[in-house]
Amino acid sequence: MKKILFSSILAIALLSSCTDKGGAKGSTDSMAAPQVAQVKYACPMHCEGDKTYDAPGPCPVCKMPMKEVK
């Protein structure tokens, strides 16, 4: 009787430890890629104040090429 009880408890423990509880192998949560700083661009003449853009190009107001904001 003790062997059956022990075997049952051991089987349940092994099965419960093998189930997926959100920490599956291959999960990218713990291995998230580092955030890369996005480059912003702004007019060097500050025609639009502190407004920034995601891509370089001419300023819509003065047409000067935008510069990278650091």
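All of these numbers come straight from a predicted model, not from anything done at the bench.
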Spatial distance of atom CG (D54) from atom OH (Y41) [nearest 0.5 Å] | 9.5 Å

Reported CD-to-CE distance for the pair E48 and M66, which is rounded to 0.5 angstrom = 6.5 Å

Are any non-hydrogen side-chain atoms of M45 and C59 less than 4.5 angstrom apart?
-> no

